[in-house]
Each structure stands twice: as structure tokens, then as C-alpha cells.
J.: 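The structure under discussion is supplied below as C-alpha cells; questions concerning it will follow.
Each chain gets a letter, A, B and so on, in the order the sequences are listed, and its residues count up from 1. Just so it is clear, the values below take in all heavy atoms, side chains as well, and ignore hydrogens, waters and symmetry mates.
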There are 2 protein chains.
Amino acid sequence: MEEKNMCPVDYAVNLLSGKYKLRILHALLQESPQRFKVLERRITGISPTMLTSQLRELEKDGLIGRTIFATVPPTVEYNITSVGQSTLPMLNEIYKWGLAHQSDNLKKN
Amino acid sequence: MEEKNMCPVDYAVNLLSGKYKLRILHALLQESPQRFKVLERRITGISPTMLTSQLRELEKDGLIGRTIFATVPPTVEYNITSVGQSTLPMLNEIYKWGLAHQSDNLKKN
DNA sequence: CGGAATCCCTGAAGATACTG
DNA sequence: CAGTATCTTCAGGGATTCCG
């Protein structure tokens, strides 16, 4: 993908698009670290496969971190990074807008 | 799609996902109204087909308006609505974050 | 000019089964 | 527990053609 001279909005969208990425970030912004299984339970409807792939991409882009503990059974924790933390104001605005517009639509029905 | 009891973030994402929607909103937030052809030139790389479909969805969701003038050749203007205007703080945060993170990555290379 | 209609294709996402 | 490996499905998006 072309990353030079790219619109910052598109850049952000590219990193954050993915059906569950914002919800994962949201969950980790509320509590960090969290284990795989806990995230799976919190992100309703997600499959382990999808959770893994979304976590991998978020990790690659530096938004979250991953720590493995050599226990039996295995323990893996995911934590929000400082970059991930920096998405908070953006997520808040998205949340606020969604909330307002969502109720707009409910009024119509 | 299930719209009740939906996460506001997901609600916003659903309305705004679409490869060019944010760029169209961005263009109309800078200048409104604008004609089809002008938008087509400003949204680099978009095809007329895609522009039409994205505009239709934005219109359906109340973010933009559409006015037809019975001239020859036909004139159609698209304008931002008050709901569309309300996305400005959100878009600004997305833009700011994209800009910051984009330069983070450039430093690494 | 500003579309509509059509066809096609890829990549995101879902389901299933298995493993260190 | 926390994944990996495959297969399949499907809708977003692209290209092309035609029209009032």
C-alpha cells in the first residue's frame, strides 16, 4: 500500500478498519492487560480465529502488546500501548457521535 | 442489520465505512455545495460508479443532501447537512491521530 | 453531465477441525 | 488456554457499457 503523501484520515482508517479492532481497543482501554479468553468473552460474537487475526494486526501496528507466560496451561496477556492509549480521544468522539446519531434514528421509528 | 442495543462505535463505523465516505464528507465540509464532477476530480482515484453509490448511502443516512437543477446539461449539487456537519469534531480527531501516527511510522524508515 | 445497469473479482470474514 | 490450518462464503469495490 502507498503510505507516502497519504491522507491522514485514510491512514487512520486503514489501521483501524477491521470488524472488531475498535471494540478490542475499547476493551483494552477500559482494562489492561487482559487475557485472550477474557477478550473473547467480552467481544460478543467474535470467533477465536478472528480474534487472533485482529490482535495480530493491532500488535503489528503497535497499538497493543502481547506477553506470553510459560505456564501450564499457557497464559497470554494483551495490553494497550502508549500508541493505543492515544486513540482514546478519537474513540471518544466516534462514540459520542454514534450515540447521538443512533438516538436520532430511534426517534424516527 | 441489527440496530437495537448496538455499540455506538459500531453504529458510527457502519454508517461511515466505505472506502471514500470520509473523504467525501471531508470535501463537503470544506466547501458545500459541490457538483458531482467537482467531487469526482477531488476524490482522487474514485470512479463515477463508486462516487454515485457512496453519495447515495451518505444521502440515505442523512449526512448529505442532493439537489437537482433541470438544466441542460443536468446539474446536481451535493451539500452537507447539519448531521454531516456534526461529524466535524470526530473527523478532526481521526485526522489528528492519523497525522501523528503517520509521522511515527516515517521515523522508523 | 450525471448517472443506471451489469458483470466480475478479490479480500475480509465465518465455520470447522486440530494442536503445543 | 491459546492458538494454527483450511476451506468456504459473500459483499465491497472495480471496470465497462449504455442512457435521459
Side-chain angles (χ1 to χ4, degrees), chain A residues 1-2 6-7 9-10 12-25 27-28 31-61 64-79, chain B residues 1-3 6-7 9-10 12-25 27-28 31-61 63-79:
Chain A
M1 192 183 313
E2 191 58 60
M6 196 181 194
C7 171
V9 172
D10 280 344
V13 169
N14 280 336
L15 289 192
L16 300 173
S17 70
K19 193 169 179 184
Y20 301 94
K21 284 190 184 173
L22 291 183
R23 285 171 70 185
I24 292 172
L25 279 180
L28 285 176
E31 182 184 342
S32 174
Q34 286 188 62
R35 300 182 60 178
F36 187 90
K37 206 66 182 181
V38 176
L39 285 170
E40 186 183 352
R41 270 189 291 264
R42 193 181 304 213
I43 315 290
T44 321
I46 198 170
S47 67
T49 310
M50 267 307 287
L51 182 54
T52 297
S53 85
Q54 301 282 284
L55 287 169
R56 287 291 175 279
E57 293 184 22
L58 288 170
E59 186 191 2
K60 172 178 68 64
D61 294 327
I64 67 174
R66 179 168 178 260
T67 311
I68 308 173
F69 299 92
T71 55
V72 177
T75 301
V76 179
E77 282 182 352
Y78 293 90
N79 62 282
Chain B
M1 192 182 315
E2 193 56 58
E3 294 197 354
M6 196 182 193
C7 170
V9 172
D10 280 343
V13 169
N14 280 335
L15 289 193
L16 300 173
S17 72
K19 193 171 181 182
Y20 302 93
K21 284 189 185 175
L22 291 183
R23 284 171 70 185
I24 293 172
L25 278 180
L28 285 177
E31 182 185 343
S32 174
Q34 285 188 63
R35 298 183 60 179
F36 187 91
K37 207 66 180 179
V38 176
L39 285 170
E40 185 182 351
R41 271 190 292 263
R42 196 185 298 216
I43 316 290
T44 322
I46 198 171
S47 67
T49 309
M50 268 306 287
L51 182 53
T52 297
S53 83
Q54 301 281 285
L55 287 170
R56 289 291 175 279
E57 293 183 22
L58 289 170
E59 187 191 1
K60 171 178 69 62
D61 295 326
L63 295 162
I64 67 174
R66 179 169 179 257
T67 310
I68 308 172
F69 298 93
T71 55
V72 178
T75 302
V76 178
E77 282 184 353
Y78 293 90
N79 62 281

J.: Should E57(A) and K60(A) count as an ion pair when the cut-off is N to O under 4.0 Å?
T.: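 So E57(A) does not pair with K60(A) through a salt bridge.
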J.: Does Y78(B) place a side-chain N or O at less than 4.0 Å from the phosphate oxygens OP1/OP2 of dG3(C)?
T.: yes
J.: I'd like to know whether L16(B) forms a side-chain contact (heavy atoms from CB on, under 4.5 Å) with V13(A), so could you lay out the CA-CA distance, the side-chain angles of the two residues, the decisive distance to 0.1 Å, and finally the verdict.
T.: CA-CA 10 Å; L16(B) 300 173; V13(A) 169; over 6 Å; no
J.: Does R56(A) place a side-chain N or O at less than 4.0 Å from the phosphate oxygens OP1/OP2 of dT4(D)?
T.: yes
J.: Can you name the nearest heavy-atom pair linking P48(B) to E40(B), along with the distance?
T.: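 Nearest heavy atoms, P48(B) then E40(B): CG-OE2, 3.5 Å.
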J.: Do the side chain of Q34(B) and the main chain of A27(B) share a donor and acceptor less than 3.5 angstrom apart?
T.: yes
J.: Step by step, work out the side-chain contact (heavy atoms from CB on, under 4.5 Å) result for L28(A) and L39(A).
T.: CA-CA 9 Å; L28(A) 285 176; L39(A) 285 170; 4.3 Å; yes
J.: Measure from CZ on R35(A) to C1' on dA2(D) and round the result to the nearest Å.
T.: 9 Å
J.: Given atom CG of L51(A) and atom P of dA15(C), what is their separation to the nearest angstrom?
T.: 14 Å
J.: What is the distance, to the nearest angstrom, from the CD atom on E57(B) to the P atom on dA4(C)?
T.: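 It is 13 Å, rounded to the nearest whole Å.
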J.: Classify the nucleic acid contact of F69(A) as base, sugar-phosphate or nothing, counting any heavy atom under 4.0 Å across all strands shown.
T.: nothing
J.: Please step through side-chain contact (heavy atoms from CB on, under 4.5 Å) for the pair R23(B) and V9(A), ending with a clear verdict.
T.: CA-CA 8 Å; R23(B) 284 171 70 185; V9(A) 172; 5.8 Å; no
J.: Rounded to the Å, how far apart are E40(B) CD and dG14(D) P?
T.: 13 Å
J.: Going 5' to 3' along nucleotides 6-14 of chain C, which nucleotides have protein heavy atoms under 4.0 Å from the base (write B), which only from the sugar-phosphate (write S), and which from neither (write -)?
T.: -------SS
J.: Atom CD of Q34(B) and atom P of dG2(C): how far apart are they, to the nearest Å?
T.: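 After rounding, the gap between these two atoms is 12 Å.
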J.: What is the distance, to the nearest angstrom, from the CG atom on N14(A) to the P atom on dG13(D)?
T.: 12 Å
J.: In this structure, how many angstroms lie between the C1' atom of dG2(C) and the CZ atom of F36(B), rounded?
T.: 6 Å
J.: Please compare P48(B) and T75(A) by the position of their nearest nucleotide in DNA chain D and report the one closer to 5'.
T.: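 In this pair, the answer is T75(A).
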J.: Has R66(A) got a side-chain N or O lying under 4.0 Å from the OP1 or OP2 atom of dA2(D)?
T.: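 Answer is no, no contact under 4.0 Å.
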J.: V76(B) side chain: which of dG20(C), dG2(C), dC1(C) is closest?
T.: dG2(C)
J.: How many Å lie between CD1 on I68(B) and C1' on dA4(C), as a whole number?
T.: 13 Å
J.: Looking only at atom types and distance, does a side-chain atom of Q54(B) sit under 3.5 Å from a main-chain N or O of Y20(B), one as donor and one as acceptor?
T.: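 Present.
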